[in-house]
Amino acid sequence: MAEVIAVGPGGYVDGKEVKMEVKVGDKVIFSKYAGNEVKIDGVEYTILRQDDILAIVE
């Protein structure tokens, strides 16, 4: 589980608009091997596509 700290603008897939379903502060669950891990100033982040998110925890 992770907390969303930033969200992109969405975009278009096959000519259809894709809106972001998550927002900053949401807690999400994603699969173990999803996304790309990066380290910035000693802090590890995982960059995910919206398709990689399995659930939003409420």
task: Could you grab the distance from atom CG of Asp52 to atom OG1 of Thr46, nearest 0.5 Å is fine?
output: 10.5 Å
- request: Under 4.5 Å between side-chain heavy atoms, chaining through other members, with only Ile, Leu, Val, Met, Phe, Trp and Tyr counted: pull out the rest of the cluster around Val28, sorted by chain and number.
  value: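 Grouped by the 4.5 Å side-chain rule, Val4, Val7, Met20, Val22, Val24, Phe30, Leu48, Ile53, Ile56 form the rest of the cluster around Val28.
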field: side-chain hydrogen bond (donor to acceptor under 3.5 Å, both in side chains) contacts touching residues 18-29 (sequence neighbours left out)
entry: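 Listed by first then second residue: Glu3-Lys27, Lys23-Asp26.
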message: Checking Val43 now: which residues fulfil side-chain contact (heavy atoms from CB on, under 4.5 Å) with it, not counting sequence neighbours?
response: Tyr45
- request: List the steps, then state whether side chain to side chain contact (heavy atoms under 4.5 Å, CB included) holds for Ser31 with Leu54.
  value: CA-CA 7 Å; Ser31 61; Leu54 303 175; 4.3 Å; yes
task: Answer yes or no: does atom CD of Glu37 have more than 12 heavy-atom neighbours from other residues, nucleotides or ligands under 6.0 Å?
output: no
Salt bridge Asp14-Lys16, side-chain N to carboxylate O under 4.0 Å: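 Salt bridge between Asp14 and Lys16, a charged N being under 4.0 Å from a carboxylate O: no.
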